[in-house]
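Following: one structure in structure tokens, then a few remarks.
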Amino acid sequence: MNAKNRGSTPPGNGASVENDAALVVPAGALPNQGSPSNSIALMAEPGQLAPQQLGQRRLIHRDPSVRKQSDAFREIRTRLLELAGTQNFVTLLVSVSPRSGSSFVARNLAAAFAFDESKTSLLIDCNLRYPEQHKALGVDANQGGLIDFLEHPSPGIKPMIYHTGIPRVRLIPAGQARENSGEYFSSFRMRAVIDSLRCRYPDRYIFLDGPTIKGSPDARILSELADFVVVVAGYGRDTPKAINQAVAHFDPEKLAGVVFNHAP
Ligand SMILES: Nc1ncnc2c1ncn2[C@@H]1O[C@H](COP(=O)(O)OP(=O)(O)OP(=O)(O)O)[C@@H](O)[C@H]1O
Ligand SMILES: [Mg+2]
């Protein structure tokens with residue numbers, strides 16, 4: 001995968017997360033935004049997965065065997081942190097066309113942020129038509145998910161926040177699949193819950209796993225809730241024309257880059 005930064009950075013000068021691409025990211029340049037008085041980074045981590053289990057779920061980890069992949073995601077992380085300054089933020093990941101890999105990139109980017117022990121990641125599955133994250137992460141979403149909260153908010157969002165087995169990474173699954181998701185995403189309740197999830201802990205970084213851009217306004221509607229948008233293109237699948245059309249859906253100020261994902 002390659003990431004093209006927004007602003008003045010020239011195209012092609014980006015991160016690469018292609019399965020076997022080599023990348024080197026300078027270490028130790030990340031600011032520590034957590035504060036002991038208002039931090040969730042030190043919370044207990046039950047049921048942590050071993051590197052082999054993480055590998056089976058196609059998740060990056062600290063083992064040197066996946067160094068190239070994890071370094072590539074670290075590089076995307078570093079670039080987002082550079083764009084954001086000192087605040088935690090909300091990143092939307094959307095694919096140019098179905099199966100380009102935005103869910104894969106979203107969960108691995110969430111994992112890369114949480115490599116830093118002073119940060120936590122919250123992945124929210126906003127693909128209400130084809131929810132996948134709970135399956136990919138092996139989470140038993142028996143308390144429901146985002147849609148259940150939006151329809152019946154009285155229990156609060158907390159019961160819908162699940163451990164993933166990845167230290168400091170939590171998931172809000174989508175809940176029961178729905179056809180009409182746009183109206184949920186444009187609701188006051190959705191905006192309020194994202195704001196409160198972000199503001200509650202300064203060390204929490206939020207990743208919205210969105211639907212494909214093609215054929216639906218939902219990705220653009222979701223971008224209203226995000227600080228940054230990362231567009232995921234299928235390497236060798238999505239044409240430059242399709243990528244340009246996809247990118248044009250979003251506010252250029254929010255567009256952090258395009259990631260070229262080389263799925264097997
Ligand atoms: N770089 C990669 N390396 C390994 N597996 C990958 C990679 N990219 C995608 N996959 C796998 O390919 C499948 C499709 O990817 P993913 O679900 O992320 O696509 P998507 O764009 O989110 O699809 P949808 O349109 O359904 O939301 C998944 O099983 C995912 O794990
Ligand atoms: Mg997806």
Side-chain angles (χ1 to χ4, degrees), residues 1-3 14-25 45-80 91-116 119-127 129-141 145 161-174 177 205-212 230-238 257-264:
M1 290 188 262
N2 297 309
S16 173
V17 193
E18 200 170 317
N19 266 350
D20 53 0
L23 273 173
V24 181
V25 180
E45 292 292 340
Q48 276 191 41
L49 296 172
Q52 194 194 358
Q53 294 170 302
L54 293 166
Q56 282 164 355
R57 292 175 191 191
R58 291 184 174 166
L59 290 162
I60 55 167
H61 48 83
R62 292 179 185 276
D63 197 274
S65 59
V66 293
R67 180 72 188 265
K68 287 175 190 168
Q69 290 92 333
S70 50
D71 276 355
F73 282 104
R74 278 190 179 104
E75 185 167 334
I76 300 172
R77 173 189 71 175
T78 303
R79 288 175 186 207
L80 285 168
T91 305
L92 170 68
L93 295 108
V94 282
S95 51
V96 172
S97 60
R99 316 302 281 169
S100 299
S102 64
S103 298
F104 170 86
V105 173
R107 59 183 169 266
N108 277 294
L109 191 56
F113 269 70
F115 275 180
D116 179 340
K119 292 181 172 54
T120 67
S121 296
L122 177 61
L123 177 62
I124 307 180
D125 193 342
C126 297
N127 194 339
R129 279 188 200 138
Y130 306 108
E132 284 287 333
Q133 291 292 7
H134 63 293
K135 292 183 228 163
L137 291 165
V139 169
D140 177 10
I161 303 179
Y162 297 80
H163 286 261
T164 60
I166 312 167
R168 297 175 297 283
V169 178
R170 303 286 186 268
L171 170 71
I172 298 181
Y205 291 78
I206 298 180
F207 301 89
L208 307 179
D209 176 20
T212 184
V230 172
V231 171
V232 178
Y235 181 83
R237 292 179 63 218
D238 294 316
V258 176
V259 170
F260 287 89
N261 179 45
H262 194 174

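Keep in mind that the numbers below use all heavy atoms, side chains included, and drop hydrogens, waters and symmetry copies. Please read these numbers as outputs of a predicted model, since none were measured by experiment.
Residues Phe115 and Arg77 have side chains in contact (heavy-atom distance under 4.5 Å, counting atoms from C-beta outward).
Heavy atoms only, all atoms of each residue included: Val94 and Pro211 are closest at CG1-O, 3.5 Å. Of all heavy-atom pairs spanning Phe73 and Leu109, the tightest one is O-CD1, 3.8 Å. The heavy-atom pair separating Val169 from Ala111 by the smallest distance is CG2-CA, 4.0 Å. Nearest heavy-atom pair, Pro167 versus Ala114, reported as atom, atom and distance to 0.1 Å: O-CB, 3.5 Å.
Note that the CG atom of Asp125 and the CG atom of Leu171 stand 7.0 Å from one another [nearest 0.5 Å]. Rounding to the nearest 0.5 Å places CG of Asp63 at 9.0 Å from OG of Ser70. In this structure, OG1 on Thr164 lies 7.0 Å from CG on Leu49, to the nearest 0.5 angstrom.
Residue pairs meeting the side chain to side chain donor-acceptor pair (under 3.5 Å) criterion with at least one partner in residues 96-113, sequence neighbours excluded, are Ser97-Ser100, Ser97-Asp238, Ser100-Asp238, Ser103-Asp209, Arg107-Gln133.
The backbone N or O of Ile161 sits nowhere less than 3.5 Å from a side-chain atom of Arg170 that would complete a donor-acceptor pair. Under a 3.5 Å cut-off, the side chain of Thr212 and the backbone N or O of Ser95 do form a donor-acceptor pair. Of the possible polar contacts, none joining the Asn127 side chain to the Ala174 backbone as a donor-acceptor pair under 3.5 Å is found.
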Which side-chain N or O atoms in residues 50-57 pair as donor and acceptor under 3.5 Å with protein atoms at least two apart or in another chain?
from: Gln53; atom 1: OE1; to: Ala50; atom 2: N; distance (Å): 2.7
from: Arg57; atom 1: NH1; to: Leu137; atom 2: O; distance (Å): 2.9

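Checked against ring-ring contact (aromatic ring centres under 6.0 Å, His included), Phe113 has the following partners two or more places apart in sequence or in another chain: Phe89, Tyr205, Phe207.
No salt bridge links Asp71 with Lys68; every basic N to acidic carboxylate O contact stays at or beyond 4.0 Å.
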